[in-house]
Amino acid sequence: MKQINHYLHRKVLVLGLAKSGVAAASLLHKLGAFVTVNDFKPLSENVEAQELLEQGITVICGGHPVELLDEGFQLVVKNPGIPYHNPMIQRAIEMGIPVITEVELAYQISEAPFVAITGTNGKTTTTTLVFDMLKKGEKLPLIAGNIGTVASTVAQEASPENTIVIELSSFQLMGIETFNPRIAILTNLYDAHLDYHGTRKEYVQAKANITKNQTSSEFFIVNAEQEETMAVAKESNAKIIPFSTRRVLQEGAYIREGWIYFNDEPIMETKDILLPGAHNLENILSAIAASKLSGVNNQAIFNVLNTFSGVKHRLQFISEFKERKFYNDSKATNMLATQNAIAAFKEPIILLAGGLDRGNEFDELIPYLKNVKSVVTFGQTAEKIERAAKSAGIKTTKRVDNVEKAVPVAYQLSEPGDVILLSPACASWDQYKTFEVRGDIFIQAVHMLK
């Protein structure tokens, strides 16, 4: 880790704990800052805060008193989940106190370069693919951010020979000042997190921050098929590397006659890719571009894509049983994700769907249900999804209590050659704490069939 004096004897407020807050507070303390931590959870219930207190860090818990900012802080490091309309953040900005996220700290101390990935969809899959390709290509990658260990923790251990592959959210990217990845990827842009950002314009600008500090010596890999992503690219000073699944490009990553190319070089045939889905082809192209720019050989890329079955809970292949293939797409918490999942298969599908009712109907799913032969529903939205299925001409729908009971029912409705797909199109919170819990229950139920 770089030994920097930037924070020596500076008063810093770390707002909000969780993993990133704990890591930021510990790091700043190590760098000689006078650190105060403020977390909403009471100290008696706050193990992380108690541990920081033992390190000699000032801890204030049980609320966010705005008057705390009158103590002369020179910097606020906020938890990414805290929105900018939070009174503490608003007051800090009014006072001219810089507000950053922990990712900025990671960049400042890291001896290793970054490959940074953002976008509305596909971040985790792309990040995993890049990491796996660099690892297979013996490039000594480390993984960080939303998908791995907290970035500032990883950065402390990184050497110049490493590359930190990091997944970044719009929340994190709003809080950067100097962060500058050697390679940045923007997978796509759709409506998301507008409750946090307020407007789509602010959301897009937050995503665009991934390239704001890049120069002509860095690379910005960007989806060539979206006007909005290309508009971001036009404002970037980096070398633009486009990717497209729809047309042949003069440079970048693209598909021609069943082969994936990077620039003019054939990399591998698409038929040798294990991971299904047109949307995953976009993730694959961007990952290949990043890997080729990092010096990874084609055989390493082939070996990853020929065996990679998906990130857990994201169109993850579970197993094949009596000629039925089971896929876990519990991360599909909205209709767009489920549309992509269904479109990934040519085989007949038994769809398992349902969950938290956010008040919407599911008419947008109807055009995508042509390949779905039966639907098994559960959760608060069961009736709504059944209405959409009926409108799509699906004759067989079955309602069950939960995902565990949905699996054997789906199996009974299936025939050899079918795909049994959990892609709920809804959040899990009506029945399960997280989509991961929901997906794990699905996986267990599949294995129980055997």
Side-chain angles (χ1 to χ4, degrees), residues 81 120-125 127-128 146-147 167 169 192-193 275-277 279-280 309-321 324-345 349-362 364-365 368-369 372 374-386 388-389 397-414 418-450:
T120 306
N121 294 324
K123 295 186 296 297
T124 300
T125 298
T127 303
T128 305
N146 294 340
I147 189 175
E167 176 187 330
S169 69
H193 305 304
L275 187 66
H279 65 296
N280 276 321
S309 61
V311 176
K312 193 173 185 182
H313 310 300
R314 293 162 173 84
L315 207 58
Q316 173 197 10
F317 175 68
I318 302 304
S319 68
E320 184 170 351
F321 177 61
R324 284 87 158 165
K325 293 180 179 179
F326 293 81
Y327 286 85
N328 166 29
D329 194 37
S330 185
K331 179 63 170 66
T333 57
N334 56 58
M335 280 184 280
L336 176 62
T338 297
Q339 290 166 5
N340 286 333
I342 293 170
F345 299 101
I349 295 170
I350 313 296
L351 178 66
L352 284 62
L356 183 72
D357 191 347
R358 286 187 163 130
N360 59 282
E361 293 292 332
F362 292 83
E364 293 175 38
L365 274 183
Y368 293 84
L369 297 176
V372 175
S374 303
V375 177
V376 182
T377 64
F378 47 84
Q380 293 176 352
T381 57
E383 185 176 350
K384 290 182 174 181
I385 292 173
E386 288 162 10
T397 63
K398 297 285 185 180
R399 190 182 307 183
V400 296
D401 293 338
N402 52 46
V403 169
E404 184 178 13
K405 293 183 178 179
V407 171
V409 171
Y411 176 75
Q412 291 299 323
L413 294 172
S414 68
D418 289 351
V419 164
I420 297 175
L421 170 66
L422 171 67
S423 190
C426 303
S428 62
W429 303 322
D430 60 331
Q431 292 183 303
Y432 305 101
K433 185 177 180 181
T434 64
F435 72 82
E436 291 96 339
V437 172
R438 179 170 64 187
D440 287 339
I441 289 172
F442 172 79
I443 294 168
Q444 292 167 10
V446 171
H447 292 318
M448 287 297 291
L449 289 174
K450 302 177 182 181

Could you pull out the closest heavy-atom pair between [X] and [Y], with the gap in Å?
X      : Y      : answer
Tyr411 : Ile420 : CA-CD1, 3.8 Å
Ala389 : Leu369 : CA-CD1, 4.1 Å
Gly277 : Ala344 : CA-CB, 3.2 Å
Ala337 : Asp329 : O-OD2, 4.0 Å

- Item | OH/Tyr368: more than 12 non-hydrogen atoms of other groups inside 6.0 Å |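 No, because the 6.0 Å sphere around OH of Tyr368 holds 12 heavy atoms or fewer from other groups.
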- Query: Do other residues, nucleotides or ligands put more than 12 heavy atoms under 6.0 Å from the CD atom of Glu404?
  - Reply: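 For Glu404, atom CD is not crowded (no more than 12 foreign heavy atoms under 6.0 Å).
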- Item | Side chains of Lys450 and Ser319, donor plus acceptor under 3.5 Å |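 Short answer, yes.
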- Query: For Ser414 and Arg324, does a side-chain donor sit closer than 3.5 Å to a side-chain acceptor?
  - Reply: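 Distance-only check passes for Ser414 and Arg324.
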Main-chain N/O of [Y] paired to [X] side chain as donor or acceptor, under 3.5 Å:
X      : Y      : answer
Thr381 : Asp357 : no
Lys384 : Asn360 : yes
Thr338 : Ser423 : yes
Gln339 : Glu364 : yes
Arg438 : Ser330 : yes
Asp430 : Gln380 : yes

- Item | Given Val376, Val409, Thr377, Ile385, the one that forms side-chain contact (heavy atoms from CB on, under 4.5 Å) with Arg399 |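 In the set Val376, Val409, Thr377, Ile385, the residue that makes a side-chain contact (heavy atoms from CB on, under 4.5 Å) with Arg399 is Thr377.
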- Message: Which residue is it: Thr127, Thr128, Asn121? I am looking for the one with a side-chain contact (heavy atoms from CB on, under 4.5 Å) to Thr124.
- Response: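 Checked Thr127, Thr128, Asn121 against Thr124; only one passes side-chain contact (heavy atoms from CB on, under 4.5 Å): Thr128.
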Gap between atom [atom2] of [Y] and atom [atom1] of [X] - 0.5 Å precision:
X      : Y      : atom1 : atom2 : result
Phe326 : Asp418 : CZ    : CG    : 10.0 Å
Thr120 : Asn334 : OG1   : CG    : 10.0 Å
Thr397 : Leu351 : OG1   : CG    : 11.5 Å
Ile443 : Leu422 : CD1   : CG    : 9.0 Å
Leu352 : Lys398 : CG    : NZ    : 13.5 Å
Asn328 : Ile441 : CG    : CD1   : 11.0 Å

- Query: Taking the side chain as C-beta and beyond, is there a heavy-atom pair between Val407 and Met448 under 4.5 Å?
  - Reply: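 No. Closest side-chain heavy atoms not under 4.5 Å.
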- Would you mind reporting whether Cys426 and Phe362 have side-chain heavy atoms less than 4.5 Å apart?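 They are in side-chain contact.
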- What is the ring orientation for Phe435 with His313, classed by angle as parallel under 30°, tilted 30 to 60°, or perpendicular over 60°?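 Rings of Phe435 and His313: perpendicular, as their planes differ by over 60°.
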- Could you go through the side chain to side chain contact (heavy atoms under 4.5 Å, CB included) check for Tyr327 and Val419 one step at a time? CA-CA 7 Å; Tyr327 286 85; Val419 164; 3.8 Å; yes
- Message: Between His279 and Leu315, does the side chain to side chain contact (heavy atoms under 4.5 Å, CB included) criterion hold? Intermediate values first, please.
- Response: CA-CA 11 Å; His279 65 296; Leu315 207 58; 3.8 Å; yes
